[in-house]
**Q** 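First the structure, then my questions, so here it is.
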Amino acid sequence: MTSPRLLEVDNLTVCFSTSRGEVYGTDDVSFSLDHGETLGVVGESGSGKSVTATSLIGVHPPLTRVRTTGSAKLEGRDLLTMSEQELRAVRGAEIGYVFQDPLTALNPSLTVGHHLVETMLVHTDMNRSAARRRAAELLDLVGIPNSAGALDSYPDQFSGGMRQRVLVALAISCRPKLLIADEATTALDPTVQSQILALLRSLCRELSMAMIMITHDFGVIAATCDRVQVMYAGRIVERGPVADVLAHPGHPYTAGLLRLAPRFELNHHHRLHPIPGRAPTVIRPQPGCRFAPRCELADDRCEREVPPLSADAAHTHACWRSSAELAAFTEDRTAE
Amino acid sequence: MDQTPAPPADPVPARRTPRLRRNPLRGRLWVLWVAVLGVIALWAVAGNLLAPMDPYAQLPAVRLLPPLARTEAGLHLLGTDALGRDLFSQIVVASRLTLLIGTCATLIGLAVGAVVGICAGYFGGWIDRVAMRLTEAQTAMPMFLFAILLMAVAGPSVANLIALLPTFIWPTVARVIRAETLRLRTEPFVVGAIALGANRRQVVFNHLLPNLTPRLAVLFVIDVGQIVLAEAGLSFLGAGVQEPDLTWGVLIAEGRPYLAVAWWLTVMPGLALAAAVLSVSMLSREMERRSQT
Amino acid sequence: MTRTTHQPTDQEPAGLDNRAARPAGRRPAPTRKRQDRPDPVLRVRDLVVRHSASTGAELTAVDGIDLEVRAGETLGLVGESGCGKSSLANAVLRLIPTAGGSICFDGTELVGRSPAQMRDIRRDLQVVFQDPRSSLDPRMRLGAIVTEALRLHGLNNRRERRRIALQRLAEVGIDPALAHRRPAQLSGGQQQRVALARALVTQPRLVVLDEPVSALDVSVQAQVINLLQDMQRTYGTAYLFIAHNLAVVRHLSHRVAVMYLGKIVEQAPAHNLFRRPVHPYTKALIASVLPPRPDARARLEAVRRLAPGEVPSLAAVPSGCRYHTRCPFADTTCKAVEPTLVRIEGDHAGGHRVACHHWERVQAAAPQVQAR
């Protein structure tokens with residue numbers, strides 16, 4: 001390969017030292033992303049989907065000691081070994097980040113214009129008036145009406161959806177190559193969520209930006225992403241093209257999540273088939289497949305050996321059971 | 001189904017790095033605090049019997065001896081004061097009155113402050129306005145001068161002291177408890193209790209008070225120190241405990257003129273005070289930790 | 001009518017012995033009463049709730065709403081933030097004052113009752129809140145939490161209460177051995193199970209569920225939804241189920257009401273609403289539930305057409321039809337005249353009703369974003 005891929009993450013392991021010993025945020029996670037590609041990351045809380053993303057921009061929860069191994073190369077430069085100063089140049093300029101909570105991600109005592117202009121002054125060689133013009137353009141681009149007036153408004157004069165648009169504008173203000181949307185629409189109302197998702201999709205196309213969409217909702221992935229990877233307890237359990245994974249999930253966890261997704265065609269009183277138990281909140285080293293304790297197909301081997309995730313195949317999953325076994329089981333469940 | 005246990009603990013040792021080494025004392029240190037409090041309590045109950053010497057026996061020849069000095073009377077563990085009295089014996093005997101005044105006055109102050117704070121926070125309206133103006137008025141007064149005046153009028157006695165000292169702390173207590181009550185009042189579990197059919201009394205006693213206790217415990221620890229120091233200050237000015245009654249505050253006050261030549265006269269009673277307050281504080285934290293597990 | 005689907009009939013609940021343990025003569029057994037009297041458990045008429053904003057202006061969060069919840073059925077109440085659904089819930093629970101209208105619960109008028117007079121009624125009218133973490137008293141043990149209502153109402157003695165606590169915990173899928181634990185030691189899903197057990201301990205006639213699963217993980221959400229369904233079958237409790245997401249509501253609801261800016265815009269039996277939504281806003285809400293299928297992308301486009309922009313602020317409620325600022329079908333009539341909720345199908349109580357001037361045109365022209 002001559003030109004490096006946009007992002008190449010190899011064996012990323014993030015380990016937090018807590019008063020109760022070491023716990024894993026992610027465990028041996030590898031994936032890659034091409035320019036302009038959109039990748040969905042699905043998982044429940046504690047699955048490591050957010051930790052994967054925050055470690056790319058070197059931001060970790062305060063008061064924790066973190067040990068990171070592996071590598072995460074952005075166009076060939078390893079983000080994990082960068083100094084704080086180098087990272088600061090990457091954050092915002094090359095990687096844009098949209099957080100879940102639009103309420104706390106903006107400083108309530110600064111105007112929207114101030115947020116945008118300052119970000120651009122730091123990362124580009126624009127002067128103030130140029131940055132201000134560009135800020136107004138950005139607000140237009142993300143669909144905020146009366147953009148010139150909006151520049152001088154304060155964040156709490158906006159509704160949740162409008163604030164999230166401002167955050168998107170902020171994240172793309174320096175034309176990043178990669179946009180990370182971390183549960184960016186979870187806190188929004190359903191109709192507003194759809195609007196923001198549509199906005200993110202069109203922005204990616206127009207600015208030929210790559211995107212990592214982190215969410216717990218397969219519907220959001222289906223609406224916005226090219227590829228998807230499913231995470232469980234710090235590991236990737238399945239990865240593939242979205243349509244393929246949705247139609248033929250290979251991992252029992254993926255299949256379980258999809259079984260829970262809304263299907264209006266069924267009688268509205270049909271019983272749901274939840275995955276029994278719950279995801280571990282604290283991930284410690286452990287042999288075997290992490291999903292085995294909740295898996296209805298698990299056997300001895302699942303408890304002993306970690307199923308591998310093939311690195312090459314387009315659609316791959318980490319499970320010892322054959323696809324036929326899973327398909328039979330899923331059919332059983334849906335038929336009930 | 002939800003209670004399926006998390007995956008079993010790891011049977012093989014951690015792969016990469018050993019776990020952080022744990023402090024072996026961690027979690028057992030509370031024994032020390034219980035011991036400290038136990039000793040002080042024992043002094044308070046039976047100080048006269050436990051003191052190695054007569055705390056009032058004056059030996060002018062052995063004035064201001066440093067700790068561990070030996071005279072014909074025996075070993076002066078913490079030295080002697082300006083009149084040649086054994087400091088350790090004085091501290092032991094003084095603990096009774098110190099603890100009595102400190103705890104009683106603090107508890108009264110906490111009770112008054114808590115009642116005012118809960119009423120203000122829970123009922124709001126005019127009760128809140130009156131209560132808050134009261135605390136402001138009290139805070140604005142030069143309390144120490146006022147206290148000296150009152151003690152001069154009422155006569156310095158232990159009972160008067162216990163009645164007066166709470167005024168130093170209740171306004172702060174009331175404000176903290178009011179703020180906490182205002183927060184708790186909108187918590188879903190309090191609203192939920194009302195929705196279950198709880199009346200005001202039940203809400204206050206079943207939900208507000210138990211959730212205020214950690215806050216009250218912290219306030220107790222802070223205020224007990226403040227009260228003992230205020231008592232010492234008053235005693236020093238002759239408006240508090242009178243000789244021959246002894247408190248740690250009186251000892252600190254008496255030792256102060258000699259700070260340059262005999263540091264132990266102020267430091268040792270001060271250490272006793274610090275040890276007592278610290279033990280209460282650490283124990284309350286330990287209890288808080290246990291109540292949550 | 002769907003409401004008869006899950007009437008507890010002969011598979012009688014195991015927990016009924018507790019109801020029998022109530023002081024005799026205080027009230028007839030409700031199962032019998034339910035069959036004698038088809039009256040709704042809850043009938044809300046023309047309810048108005050106002051909040052005073054920090055600016056001093058009065059905001060009308062609920063503006064003249066009529067609702068009925070019948071015994072043993074679930075009414076889903078759906079709407080986005082600011083539509084007044086939580087205000088409505090709190091008003092029904094009499095936790096906030098009402099500015100007008102009537103709330104008739106089990107034949108008793110609640111508006112105008114003093115807090116003391118409300119206390120007896122609360123035994124039959126319970127609530128589960130959204131955030132399980134903060135809705136359980138952190139300093140109480142699970143056993144005491146579950147039986148709190150019994151204690152407050154002076155029902156059963158201590159020993160019976162302990163037995164009931166263990167039984168109820170087991171019923172909602174919590175190991176009774178955990179009864180001496182405190183809420184902080186449980187996961188969110190377990191906490192919500194405890195909250196449900198607490199709400200159901202007095203065997204109420206109606207439980208208000210205020211976004212009970214929105215704070216939970218997907219796989220746990222499904223577990224709690226199943227549990228809610230089981231409990232309804234066991235106890236015949238009626239639910240007023242409030243949510244912002246139609247996907248969650250559909251499993252439990254017999255009927256669904258859609259709220260927008262303090263008004264109900266559409267109300268219908270659940271299967272009608274999901275198969276043939278009429279109001280443009282309902283269509284948008286249904287489209288905004290993204291299925292894990294490639295057609296999710298088309299839905300984004302449908303939502304953009306049917307519900308562009310955002311919900312206007314309560315401080316500036318649009319004239320005429322409140323939805324006209326976002327509605328692709330709006331004309332001058334919509335700007336001037338407020339539509340009333342009219343029945344377009346079905347009988348009086350269970351029918352399909354919608355508040356739209358142009359519902360026939362909408363149904364003919366709107367893109368078919370059916371809830372397939």
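All of these numbers come straight from a predicted model, not from anything done at the bench.
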**Q** For the interface with chain A, which of C/S214, C/S313, C/S81, C/A307 has the highest count of heavy-atom pairs at distances below 4.5 Å?
**A** C/S81
**Q** Is the shortest side-chain heavy-atom distance between C/S219 and A/L260 below 4.5 Å?
**A** yes
**Q** Is it the case that over 12 heavy atoms from other parts of the model lie below 6.0 angstrom from the NE2 atom of C/H51?
**A** yes
**Q** Quick check for you: to the nearest 0.5 Å, what is the distance between C/L290 atom CG and A/T224 atom OG1?
**A** 8.5 Å
**Q** Would you say that C/E80 contacts A/P190 through its side chain, given a criterion of any heavy-atom pair below 4.5 Å between the two side chains?
**A** yes
**Q** Locate the shortest heavy-atom distance separating A/D189 from C/H244; write the atom from each residue and the value.
**A** OD1-CB, 4.5 Å
**Q** Within the distance-only criterion (no hydrogens, no angle test), does the side chain of C/D217 pair as donor or acceptor with the backbone N or O of A/E44 below 3.5 angstrom?
**A** no
**Q** Name the region of C/V303, side chain, backbone, both or neither, that has any atom closer than 4.5 Å to a heavy atom of chain A.
**A** side chain
**Q** Counting distance only, does the side-chain N/O of A/Q193 pair as donor-acceptor with the main-chain N or O of C/S288 below 3.5 Å?
**A** no
**Q** Please tell me if the side chains of A/T191 and C/L306 come closer than 4.5 Å, counting only heavy atoms from C-beta onward.
**A** no
**Q** So, using salt bridge (charged side-chain N to carboxylate O under 4.0 Å, His left out) as the criterion, who are the partners of C/R304 when residues are at least two apart?
**A** C/E301
**Q** Side chain of C/E310, backbone of A/M162: donor and acceptor closer than 3.5 Å?
**A** yes
**Q** With A/H317, which residues qualify under ring pair (Phe, Tyr, Trp, His ring centres under 6.0 Å), at least two apart?
**A** none
**Q** Name the region of A/V220, side chain, backbone, both or neither, that has any atom closer than 4.5 Å to a heavy atom of chain C.
**A** both
**Q** Heavy atoms, side chains only, cut-off 4.5 Å: are C/V220 and A/P274 in contact?
**A** no
**Q** Taking every heavy-atom pair that is under 4.5 Å apart, which of C/V311, C/V248, C/D230, C/N245 has the most such pairs with chain A?
**A** C/D230
